[in-house]
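Read the structure below first, then the notes.
Below, each value reflects all heavy atoms present in this structure, side chains not excepted, and no hydrogens, waters or symmetry copies. In what follows, every chain begins at residue 1, and chains take the letters A, B, ... in the order their sequences are listed.
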Amino acid sequence: MAEPEFLLDSNIRLWVVLPIVFITFLVGVIRHYVSILLQSDKKLTLEQVSDSQVLIRSRILRENGKYIPKQSFLMRKFYFNNQEDGFFKNTKRKVVPPSPMTDPSMLTDMMKGNVTNVLPMILIGGWINWTFSGFVTTKVPFPLTLRFKPMLQQGIELLSLDASWVSSASWYFLNVFGLRSMYSLILGQDNGADQSRIMQEQMSGAAMAMPADTNKAFKAEWEALELTDHQWALENIEEELMSRELDLDGMFSKELPMGIF
Amino acid sequence: MLRKVAKLLYFDNWNVLIIVFTEMRDKLRKWREDNHRNSEQIVDVGEELINEHASKLGDDIWIIYEQVMIAALDCSRDDLAWTCLQELKRQFPGSQRVKRLAGMRLEALEKYEDASKQYDSILQDDPTNTAARKRKISILKAQGKSAEAIRELNEYLEQFVGDQEAWHELSELYINEHDYGKAAFCLEELMMTNPHNHLYCEQYAEVKYTQGGLENLELSRKYFAQALKLNNRNMRALFGLYMSASHIAACPKVNATVKKANVKYAAWATNQINRAYQLAGRGTKENKCSVKAVEEMLESMQITMS
């Protein structure tokens, strides 16, 4: 069945489509700056700093342990993994699950998150719906089923209208997600206007799951360190070195600013 | 249109250089990024910039104040240090970075008690502040209390295991106390975190060589070789390789294969040393003498190997 071809008034393009794009974009930029203003500093405790550095040291031991003598490597591995008093075996950190009730800073963070992101979206979506209602704004390029009609054609009461023709509110929501890449272009990565990223974070659980992780991280490091062996990189170093003459090129040229020692 | 103001600057007794404002600022930035400690030059250039071109610097001026203040403390220019500190205090009241600078000035005036109190107040506000802790340890070092400094530094490192500067400082303190075993431990930490730095390998090898004993000599020979592999031009490592190899070969307890291998290593090292010295002068008269001197030295160091 051939679809009726609509010809939309070009005024719609001028006065509806473009303004909605601008509004969405500007609101996003404002949200970004507001989120910067409302940011609270995260204060790290001494224990957290210390633990993170210990984990780094253990990782380096695993990766670069082959550059130190076997005895030293074993000494350090023993310090970390010993059955009785190894660091990873013994150190248990107090784990406080950060629920919103006990941790007041988490509560304020959540509130701020909601205020900056969800609230404006709802408000502006509603306002656009009210202002730009009663006409069709645009057509999505793919066919949709009739189920989408009440959702996408808010103010239009035409039963026979194709579901592909959508109202301005849906154009607004399309913009909110579409302008994400524009934001990263203009505001740099990790900007406060990135709506979908924030929603993803909220879905993946509490952002501050670090305290519980410390114990798990220790356990993981312990296992990894148990498995590592010491393959000394300097086993045959003399043969490798003396297989060819030293490259003394440019050693005594006048341009070298620093000493060779 | 840019108006560039030129100014004569004396960098040392014999050189007079004409430097332009933008060049001065860029030089300061380069010294800041490379962590150079040429305090007299920094004071000269920095004082010039602060007095004449303050308006053109904009926000750069604060970091230049910090850089110039530390250099001024090095050169005993208390007046300049005081002015810089006042400006910074006015702009950033209550900042911990400025408090640390105030503490450093007290240290320079040898008012160690007051400086210590200053750092303690910083640590009360922010227990994770590493700069204040390190300044307290350097107070102990300045007062010559090396045993206490070592103890404090150990405690610091227990909390902040990743601080490479601190490991290096601790290794230096241990070397001064002739505790080579512990110094070697610190250098091992540094070697692990910077496996491609030939200087740490060389320093480790030197510490092992100083410790003595057959095992340590073998280790030192290996690490001299590693330093050479990382940087073919490290002459000190080359000489170290020669000495450790000939020392092992001269040891009475080694068996014949080990001895033969070490004699071979020492011979190779001698070859390379000669090559380097010949490259150095390429036939100039002074060089001929120095080449001969090197050969004689190497022969005299060769303990009989039969």
Side-chain angles (χ1 to χ4, degrees), chain A residues 41-77 79-80 87 230 232-254 256-261, chain B residues 126-130 157-163 184-185 187-189 191-196 199-202 204 208 215-216 218-219 221-229 231-238 241 245 261-262 264-265 267-269 271-273 275-282:
Chain A
D41 317 298
K42 283 205 210 113
K43 270 231 160 124
L44 289 172
T45 66
L46 185 55
E47 206 178 73
Q48 281 173 326
V49 172
S50 178
D51 285 343
S52 60
Q53 292 200 357
V54 168
L55 284 172
I56 292 176
R57 180 170 177 232
S58 164
R59 182 172 54 96
I60 296 232
L61 180 65
R62 271 186 294 125
E63 287 173 9
N64 292 339
K66 56 186 186 198
Y67 293 111
I68 58 177
K70 189 168 185 109
Q71 185 68 11
S72 322
F73 175 81
L74 289 174
M75 188 162 59
R76 288 170 168 84
K77 184 170 165 179
Y79 164 74
F80 277 126
F87 185 80
H230 182 254
W232 203 20
L234 273 64
E235 201 60 63
N236 296 320
I237 181 109
E238 284 98 351
E239 306 306 320
E240 288 168 22
L241 179 65
M242 301 184 189
S243 59
R244 61 175 91 126
E245 302 277 315
L246 287 181
D247 178 13
L248 299 169
D249 252 340
M251 188 160 153
F252 298 105
S253 67
K254 298 261 189 307
L256 273 182
M258 314 202 226
I260 299 155
F261 303 129
Chain B
D126 179 14
T128 62
N129 191 318
T130 55
L157 275 171
E158 257 175 63
Q159 309 251 295
F160 300 96
V161 213
D163 191 340
F185 184 91
L187 285 168
E188 279 160 9
E189 290 289 323
M191 279 201 300
M192 274 203 300
T193 42
N194 306 290
H196 301 294
L199 296 170
Y200 290 145
C201 286
E202 185 214 305
Y204 181 72
K208 282 290 169 195
E215 257 184 48
N216 289 330
E218 297 237 322
L219 272 179
R221 188 194 69 218
K222 286 214 179 276
Y223 279 95
F224 276 129
Q226 170 78 338
L228 268 179
K229 186 155 162 253
N231 180 358
N232 271 345
R233 304 179 192 170
N234 192 335
M235 280 308 285
R236 208 162 146 139
L238 190 51
L241 177 63
N262 278 293
K264 190 180 76 162
Y265 299 148
W268 181 88
N271 245 340
Q272 301 303 319
I273 294 177
R275 254 188 76 215
Y277 271 89
Q278 274 170 5
L279 268 177
R282 274 166 247 218

Exercise. What pairs with B:T130 under side chain to side chain contact (heavy atoms under 4.5 Å, CB included), at least two apart in sequence or on another chain?
Worked result: B:K134, B:Y156, B:F160
Exercise. Roughly how far apart are B:E189 CD and A:I68 CD1, rounded to 0.5 Å?
Worked result: 7.5 Å
Problem set entry | Interface moiety of A:R62 toward chain B, non-hydrogen atoms closer than 4.5 Å | neither
Exercise. Just checking heavy atoms, which of residues 235-242 of chain A are less than 4.5 Å from chain B?
Worked result: A:E235, A:I237, A:E238, A:E239, A:E240, A:L241, A:M242
For this session: Mind ranking A:R76, A:E245, A:E63 by heavy-atom pairs under 4.5 Å with chain B and telling me who comes out on top?
Result: A:R76
Seminar exercise, completed: Between B:M192 and A:N64 the two heavy atoms that sit nearest each other are O-ND2, 2.7 Å
Exercise. Given the options B:Q226, B:K222, B:K264, which has more heavy-atom pairs under 4.5 Å with chain A than any of the others?
Worked result: B:K222
For this session: Quick one: closest heavy-atom pair of B:Y223 and A:Y67, and the distance?
Result: OH-O, 2.6 Å
Problem set entry | Side-chain touch A:P69/B:E188, heavy atoms, less than 4.5 angstrom | yes
Exercise. Quick one: of A:V49, A:I60, A:I56, who has the most non-hydrogen atom pairs under 4.5 Å with chain B?
Worked result: A:I60
Problem set entry | Per-residue contact mode, B:D126 against chain A (heavy atom under 4.5 angstrom) | neither
Seminar exercise, completed: Residue from B:L219, B:N271, B:L241 scoring the most non-hydrogen pairs under 4.5 Å with chain A is B:L219
Problem set entry | Residue B:F185 versus chain A: region with a heavy atom under 4.5 Å | both
For this session: Would you mind checking which part of B:E158 comes under 4.5 Å of any heavy atom in chain A, side chain (CB onward), backbone (N, CA, C, O), both or neither?
Result: backbone
For this session: Evaluate whether atom CD of B:E215 has more than 12 neighbouring non-hydrogen atoms of other residues, nucleotides or ligands under 6.0 angstrom away.
Result: no
Problem set entry | A:S50 backbone acceptor or donor facing B:Q159 side chain under 3.5 Å | no
